[in-house]
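Worksheet: one structure, shown below.
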Amino acid sequence: MKKKIGVLVLSYGTPKSLDDVEAYYTHIRRGNPPGAEQLKELKDRYEAIVGGVFPLRENTDRQVERMQEELNKFNLPDAEFVCYQGLKHTDPFIEDGVRNMAADGITEAVGIVLAPHYSTMSVGTYIKRAKATAEEVGVQMSFIESYHLHPKLIEAFSQRVSAKLDLFEETGAKRDEVKVLFSAHSLPERILTMGDPYRDQLLETSEAVAAAAGVTNWQFTWQSAGRTAEPWLGPDVLETMKDLSERDVRYMLVSPLGFVSDHLEVLYDLDIEAQEVAEELDVRVMRIDSLNTDPLYMETLAECVLAECRKGA
Ligand code: FEC
């Protein structure tokens, strides 16, 4: 019988329903419930995207399912992979995922986050929580911290950038008139004094995708900063759009590189909020399609897990 290797696939998580938004938001706020106004504002954003549906849940389910298929295509003679979900802010929580593996008799596992770039405030916290539970329940785990320059990930993003540049061309814009705006979730500015690799990794991915897509007219910008008092990394994409429009840039292609799924931060922050600003500024803004279960992305994840297993062999 083949040995089972657990793969803990870590993702942000989304509420199950509008009634669950308060508990979810309270978890994000480390146990502090949001005020009534904050809660309403978040519920309104979810309602605006697709009438109260939470696309991240289904997208994560599909990614995990497809990833397990991809991993077992390696057809290892002595091992098979079994994927488990571990979510940051809702159930199955990260800790549940690790416990589920242990309950199924798994003693060896690899963890990978559905986010390509490492920050102590993002991927670092997923890993810390998984490690603590793994030690408690006796699962030996190793983790992939980042995969932001994996050639297949770069290829998947660059194909998406090229496809939208083609669309701009078909509708009358010249390719080099389009400013490509690579973006990612902002984090508090203090990560920079902590020596965090997040910003540098994002710039590396941006450079690699631009080179692969033959794009020279690009810049990096942040998006989706949290609603807290401390300063967050900027400039925000909305500010960048205003600034570019003042410099007569009429065409922009927003290309989120830190997200791998359709979810609130893409479908609301970019498709609704940024589009409203684009209309006000009278500029044309498109967004690249999200990776979701793109075969190249699934192969990226599977190859990273296999490489991690071989390190330990
Ligand atoms: O579709 C969905 O339901 C979930 C969309 C979603 C994703 C996501 C990814 C990241 N976040 C990151 C950092 C922070 C920090 C805070 C924070 C707050 C929120 C709130 C919502 C939310 N995030 Fe998120 N994030 C998503 C959703 N995020 C909702 C709360 C309301 C708001 O501020 O908008 C601030 C927490 C604090 O108070 O300290 C920090 C990072 C990522 C990308 C990496 C990853 O996926 O883990 C980094 C998707």
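When a ligand or atom number is given, it counts from 1 through the structure's own listing order.
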Original post:
Is it the case that K88 places NZ or CZ above or below the six-membered ring of Y126, under 6.0 angstrom from the centre and within 45 degrees of the axis?
Top reply: yes
Original post:
Using a heavy-atom cut-off of under 4.0 Å, does the side chain or the backbone of L114 touch ligand 1, or both, or neither?
Top reply: neither
**OP:** Identify, for atom 33 (O) of ligand 1, the protein heavy atom at the shortest distance, and state residue, atom and that distance.
**Re:** R227 N, 3.4 Å
Subject >> Distance-only N or O hit between ligand 1 and R30, under 3.5 Å >> reply: yes
**OP:** Starting from atom 1 (O) of ligand 1, find the nearest protein heavy-atom neighbour and note its residue, name and distance.
**Re:** L264 N, 3.0 Å
**OP:** Determine whether the side chain, the backbone, both or neither of V113 has a heavy atom under 4.0 Å from any heavy atom of ligand 1.
**Re:** neither
**OP:** For atom 38 (O) of ligand 1, find the nearest protein heavy atom and state the residue, atom name and distance (0.1 Å precision).
**Re:** T228 CG2, 3.7 Å
Subject >> Atoms in ligand 1 with a heavy atom of S122 nearer than 4.0 Å >> reply: 48 (C)
Original post:
Taking distance alone, with no angle check, do H263 and ligand 1 share an N/O pair under 3.5 Å?
Top reply: no
**OP:** Evaluate the criterion salt bridge (charged side-chain N to carboxylate O under 4.0 Å, His left out) for residue pair K43 and E22; output intermediate values, then yes/no.
**Re:** CA-CA 9 Å; K43 281 188 175 178; E22 186 168 7; over 6 Å; no
Original post:
So, the side chain of T90 versus the backbone of Y24: is there a donor-acceptor pair under 3.5 Å, distance only?
Top reply: no
**OP:** Could you name all protein N, O or S atoms found under 2.8 Å from atom 24 (Fe) of ligand 1?
**Re:** Y12 OH
Original post:
Which of the atoms of ligand 1 are close to T14, meaning less than 4.0 Å from one of its heavy atoms?
Top reply: 1 (O), 2 (C), 3 (O)
Original post:
What residue and heavy atom of the protein are closest to atom 44 (C) of ligand 1, and at what distance?
Top reply: A115 CB, 4.0 Å
**OP:** Give the atoms of ligand 1, by number and element, whose distance to some non-hydrogen atom of R45 is under 4.0 Å.
**Re:** 31 (C), 32 (C), 34 (O)
**OP:** Quick one: closest heavy-atom pair of S122 and H117, and the distance?
**Re:** OG-O, 4.0 Å
**OP:** Please check if the side chain of Q68 supplies one atom and the backbone of C83 the other of a donor-acceptor pair under 3.5 Å.
**Re:** yes
Original post:
Less than 4.5 Å apart, any side-chain heavy atom of C309 and any of V110?
Top reply: yes
Original post:
Given side chains that start at C-beta, do those of M252 and T240 come closer than 4.5 Å, heavy atoms only?
Top reply: no
**OP:** Verify the ring-centre separation between Y12 and H263: is it less than 6.0 angstrom?
**Re:** no
**OP:** Going by heavy-atom distance to atom 47 (O) of ligand 1, choose the closest among Y24, Y25, Y126, Y198.
**Re:** Y126
Original post:
Side chain, backbone, both or neither: which part of R57 comes within less than 4.0 Å of ligand 1 when only heavy atoms are counted?
Top reply: neither
**OP:** Output yes when a side-chain donor or acceptor of Q85 lies under 3.5 Å from a complementary backbone atom of G97, and no otherwise.
**Re:** no
**OP:** Run the numbers for me: atoms of ligand 1, each under 4.0 Å from some heavy atom of L42, listed by number.
**Re:** 29 (C)
**OP:** Pick, from F259, Y46, W232, the option with the minimum heavy-atom distance to atom 35 (C) of ligand 1.
**Re:** W232
Subject >> Among L253, D176, I288, side chain to side chain contact (heavy atoms under 4.5 Å, CB included) partner for L165 >> reply: L253
**OP:** State, to 0.1 Å, how close K2 and E80 come at their nearest heavy-atom pair, and which atoms those are.
**Re:** CB-N, 4.1 Å
Original post:
Taking the side chain as C-beta and beyond, is there a heavy-atom pair between L202 and W222 under 4.5 Å?
Top reply: yes
Please list every donor-acceptor pair under 3.5 Å in which a side-chain atom of residues 279-287 meets a protein atom from a residue at least two apart or in another chain.
unit_1, atom_1, unit_2, atom_2, d
R284, NH1, T171, OG1, 3.1
R284, NH2, T171, OG1, 3.3
R287, NE, D271, OD1, 2.6
R287, NE, D271, OD2, 3.3
R287, NH1, S290, OG, 3.4
R287, NH2, D271, OD2, 2.9

